[in-house]
Amino acid sequence: MSGFKTAQQRGVTRLEKDSQIIQGEKLRLRDQKWFQRLLVWGLLVAVWEILGVILGPFFLPRISQVFLSMFAAFTNGDLTTLASSLRQMFLGFGLAAVVGIPIGLIMGRSRWAEYVLGIYVNALFVTSLEALLPFIIILVGTDFYFRVVVVFLFAIFYIIINTAAGVRAIDPNLFETAAAFCTPRLKLFIKIILPAALPYVIAGLRLGLGHAVKGMVIAELWVVVDTGRRLVDLGFARKLPEYFALALWIVLFGALANQILLSFQKRLTPWGSEIAGFTGSRKK
Amino acid sequence: MDPVTRKDTWISQSRKNRIAKWGLRVASFLVFLAVWQWYGAKPEMFAVAPPSQVFPAFYEAMLSGELPKAAAGTLYTMAVGYLLAVVVGIVVGFGIAVSVWARNTIEPIVNAAYSAPMALLIPILGVYIGLEFQGRLFLVMVWAVFVIIVNTAAGVRETPPSLMEMAQSFGLNPWSIYRKVIFPSALPYILVGLRLGAGRALRGAVTAEILMSTTNLGKFLIDAGSTFNMPKLLAGIMLVILLGLVIIQGAEYLEQRILSWRRV
Amino acid sequence: GERVADSALRVAITSPTQPSYVETIYGPVHYGAEFGLNITADDFRIFDSHATATQTVLAGQADIVGGSFVSHLIIRERGLDFKMFCPFVNMDDFVMAGRNGVTEVEQLFDPDTRVAIDSPGGASGVILNAMLQAAGTGKTIADLPNVRILESSALRSSVFVADGVDATVIHLTQFKQAAEQVSDAVIITTLYKDVPVFIKEAFAAPASWLEENLELAASFCASVLKAARELPRDFDLFVSAVNEFVGVPPSEAMLRETFDLISQYEFWPKNGDLEPEAITQMAKMAVLSGVLEEVPDPTEVVDRRPINRALELLGGRVE
Amino acid sequence: MSYVEVRNISKVFQTQQENLPALENISFTMEQHGFYCLIGHSGCGKSTLLRIIDGLTEPTTGEVLISAKVTNRPGFDRGMVFQHFNLLPWRAVLGNVEFGLENRRMSKRERRERAMHYIHMVGLDGFEHYYPSQLSGGMQQRVGLARALAIEPEILLMDEPFGSLDAQTRETMQTELMRIWSIEKRTVLFVTHDIEEAIFLSDRVIVMGQRPGRIVDIIDVDFPRPRDENLRNLAGFTEMRGRVWKTLKCAASEAKASAAKR
Amino acid sequence: MSYVEVRNISKVFQTQQENLPALENISFTMEQHGFYCLIGHSGCGKSTLLRIIDGLTEPTTGEVLISAKVTNRPGFDRGMVFQHFNLLPWRAVLGNVEFGLENRRMSKRERRERAMHYIHMVGLDGFEHYYPSQLSGGMQQRVGLARALAIEPEILLMDEPFGSLDAQTRETMQTELMRIWSIEKRTVLFVTHDIEEAIFLSDRVIVMGQRPGRIVDIIDVDFPRPRDENLRNLAGFTEMRGRVWKTLKCAASEAKASAAKR
Ligand SMILES: Nc1ncnc2c1ncn2[C@@H]1O[C@H](COP(=O)(O)OP(=O)(O)OP(=O)(O)O)[C@@H](O)[C@H]1O
Ligand SMILES: Nc1ncnc2c1ncn2[C@@H]1O[C@H](COP(=O)(O)OP(=O)(O)OP(=O)(O)O)[C@@H](O)[C@H]1O
Ligand SMILES: [Mg+2]
Ligand SMILES: [Mg+2]
């Protein structure tokens, strides 16, 4: 029971949060975030390094070399390349959010929209979008907009599907309240549906972001430019440390953006609903 | 009228609704087919074969047994990998939501891995896990597992504290609280994760069959693609979409059945 | 030379630039002006798939496509009237690597020998067929009893090292790296040494476009051929070309080897070859590999006028 | 012609198990500026009836007329205090009270002032920036009350608005409600369980029986206003209390008997 | 040594805006088999105090002793009726009532029988298979009540269990509670807003004042049991009612004054 209670206090419920803070109880070392991370991540790094030594550079570069290459990326232009790729990624992702959230809200709310759009959203969601790339190239060419569109398509269905699910989960009482106070249909979206579905929307944005990054890489691998081209070249030359370094940078930027979304969620849901305190790290 | 507050009237209209629903779906699909035919028939649309060529190709490949056999192989990989992903995903998802250690250390990795293009792993994966069945299985699993983890964790965290408080008050042990309160309460989220994961597992299976060792549907697509047999390629893609739709719609149906208490 | 057109030529290439065909871009960019061509590196669109590149040309987003010879043949068979007008790579550094005691071509047909190739439509299938033909086995890849299908050469070479297969078709550079890890790795046979005739890559364009832009196509081809003549003569020039156009240049030592292969085995066509006999031979190989239905009329698939005109521009053939 | 006319309302809920008749043939009228109390057992359909009058649920049969016009959707003429508060969890107290006003044409300042006025009225000064999850049950209920009062509707539909209040706050709120009502003369339909509260507040008490919900008695309350604590000491008061009590008891045993027969 | 001893409990909530002292220095004791009522204004911390005694919340200072042992987590010896019902939306009535029994060693049949017994007791026969969303507020509250009664705990902590009930059901439930209590002699801590209910039920009324919540009076109720409607007519009853009323009023005005000073 005591183990559980600890978990409860710190994580699953916030029941005990208040008293903890007030008593100013100092966290033990093993409860400190940095310590836990140092330990677990340090272990992972060590295992990688040892594996790298055992397997040899042909299979797995040692992580120390990867780290060195990550620093080298500051000077050899890799990060500049990645930055320009990310710019397009964010444009596509932003568009997906701007378009996807309203569609999701409407689909979650209106059966008619669901009837008409649902099947296509699901179909495109399960389709390998890679198959559509040639078609997209015809429509928008291979430049800037191609990559934006690919990222857009990779991200939007997650946003739509999650948003719609969030809307369907809204407590009907809230709709009743809004109806009782004569909230017009349009305002309903802004005042009730969006805030109530917000945790789902943000979950969708996070999922979508992950896919946006993937879309970016795949689009660039397809028309071999920027970061994608760099990855292809590095892979071909089997420069694994640089390859891993660049891949790690991509992952890191994805994680960073994800973290930003999480902090948004905390900012946007200050009403103390449970989610706010849970997703991501909590201040102690 | 407002479907939620008027739900009692919706029930009586449900028959009319069904007709309208399918009417709309069929109509919009016909429009889509027409546009596709018009577009695909243009000579410069080399990569987009029109339905008038795709459907016969599809029919032929189905009849010859080539496509069904390939699909069965792919589905088998997908199903096994997906089951693994479900088990791992739910366990890790719970772990992340419940344990501070896991949250502080594993969750950032999960989040990072989620946005990492898994395809980047393929060149190195094969060496460790093998490129045959296990390799594809692994790829299917990583393809599907993160969405399940993320959703499970979110669902667990969304459990109303008041209900857990109640359960604690009734002296439930931790295991029972998980089983009887947190799990059912997180179930709507978990099911969303499972549904999204099922779609991804299929895509992962096909991708693995294309990018790792080429077999089954992946081989069908690659062969058609590399010989520029566009009708056959699209027929294969069509089957993948169809399978995905069946899986997703099935999952949605199950979801509604399982969560029937929400609709009362 | 005279100025052909100010309108830029847009070129779609089906795979990223490697040292073994760096002349493709180097030629037009550096020698184009001599032939009145106004083209920069930005006019080259690089793809990772022949279908996409072809589609780009069809959709009017590019004018010509440079890609695998066999793929061009297949495209034609699909009813698209593309004609090849300028080859740019004949040979490549592909080798058949073996390990675990697999040293002879015959051993590939042993049911215990695991062989990795790409799917029948892919380049290595045709190359392996050419190797099998040249070795006089009279068999094709369809007769291999124990194959693994792995699409990319990088994947094949890492699986080869990991002892997932006993033999595979990979690049010589990849073999060299692999050999450092695998003590008993051997080269069973090679494309460049053992196969007498091969046409790997060529430029193609819609027949109608060629009809209207003969001169443009000729100047383009001339610039490519000029690079094919100049680069193998001068290692330093070759290195500077690689540094300019290849994303991650290999080490100088490795480049040296590639350079030697290129000059020794005439990887690049200096005279715009595309002879009918060679075409027929390649087409037969493609039919054997199961990607082509029948051997086409060699005069139909090639428009020789740009090549001939290019040779004129270059002042004739060289030996 | 009465101001509000409820005509032959019935309501049947369809559940998986059965058809549940929740209301049967409910008819009554309300005059403008009257104060009506609806009293009845738990589950007899009071909330359902209120929701129908507010236009939130469609009746199975029957209709509601306001000023002789059939009404079947919510309007600014009616304000509803929900039994379960139904506060928006993402808005603090002030935001929740302002919510109903946001669909009216008024300046932000005016809206804020109006909201603050009613927050003060329900005694929540100082809690404007608290989220519902940080409030006690009674405080949440008062937020719902302030929200409905703030839109200053013609007709106030109040579903056990004082149910979670303590006796003293409750009395204060009753007095306050009486005061507002005597000044601004709204028409009020007030659901309660509390017989004394019903008599204390209303011009007419509508007593409902259950299974299915129906009207079993309508009692006019003629005590002079303003009323105060002393009302309890009047002879008529105890009598009236007894009458309501008995009617409710009868209705309950009848319902039990009919349930047993089923 | 008392059975339950609440010792110097204080509780401070930290919110984004400020530190809110909810309880200050609460001490009282309860004897075994006693019936205690906690009465106080909305927001004075009654629910918080109950949650602390149940072990759901940690007090900032102080401790709760049961049979002289410090207790800080829930146990089978205590059963809680929640103010907000806290029913599991995915379980029907029967499942919700069985919920608390599932951790006890008993056969399925026994469990079902026990649950049905208490469902009958709270008057919900026939609704066993309804989901909470299909029940009226009062019905939901009775489910919560049945759930707590079903585990037959030593100590019953009841947070306004009759708050959403109508007068008649309420009276029935009060009588039923008295009957159970007189037979099975549990120790009960009962939160209410209703002074009459408090006096009617309890051996001792604990009156709380607010901001911060503290005990302002403890009144022993010595009326003989069993008690009935006639209690109201006893001289001591009105007097006691007046005393509680006044104490509450004073506490409220004090709180207002101190709030004004802040
Ligand atoms: N959505 C619904 N589906 C099915 N039955 C319902 C629904 N809403 C209410 N009911 C049923 O209708 C009856 C009346 O419910 P209602 O909420 O109107 O009662 P009430 O008089 O307000 O009770 P209380 O005083 O306890 O709040 C109840 O028997 C309830 O079970
Ligand atoms: N989680 C919390 N965070 C911050 N403040 C809280 C929290 N829970 C309760 N409070 C505050 O503590 C005080 C007491 O709340 P509590 O719910 O105990 O009151 P109560 O006496 O039960 O009231 P009621 O009779 O209205 O239910 C209130 O002022 C409330 O705002
Ligand atoms: Mg009600
Ligand atoms: Mg309370």
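None of these values were measured; they are calculated from a predicted model.
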Which atoms of [X] approach chain B - backbone, side chain, both or neither, heavy atom under 4.5 Å:
{"X": "E:A92", "answer": "neither"}
{"X": "E:D54", "answer": "side chain"}
{"X": "E:L87", "answer": "backbone"}
{"X": "E:R147", "answer": "both"}

Inset, instruction - Give a yes or no on whether E:H120 atom NE2 has more than 12 heavy-atom contacts from other residues, nucleotides or ligands under 6.0 Å away. - result: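 Result for NE2/E:H120: open.
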Legend entry - Atom pair CH2/CD1 of E:W90 and B:I258 - distance to nearest 0.5 Å: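 Spacing of CH2 (E:W90) from CD1 (B:I258) equals 14.5 Å.
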Distance-only criterion, 3.5 Å: show the donor-acceptor pairs between side-chain atoms of residues 77-92 of chain B and protein atoms not counting sequence neighbours.
unit_1	atom_1	unit_2	atom_2	d
B:T77	OG1	B:G73	O	3.0
B:Y82	OH	B:L194	O	2.7

Legend entry - Residue list, side chain to side chain contact (heavy atoms under 4.5 Å, CB included) with E:E154, at least two apart or on another chain: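 Partners of E:E154 by the side chain to side chain contact (heavy atoms under 4.5 Å, CB included) criterion, ordered by chain and then number, come out as E:Y3, E:Q32, E:D77.
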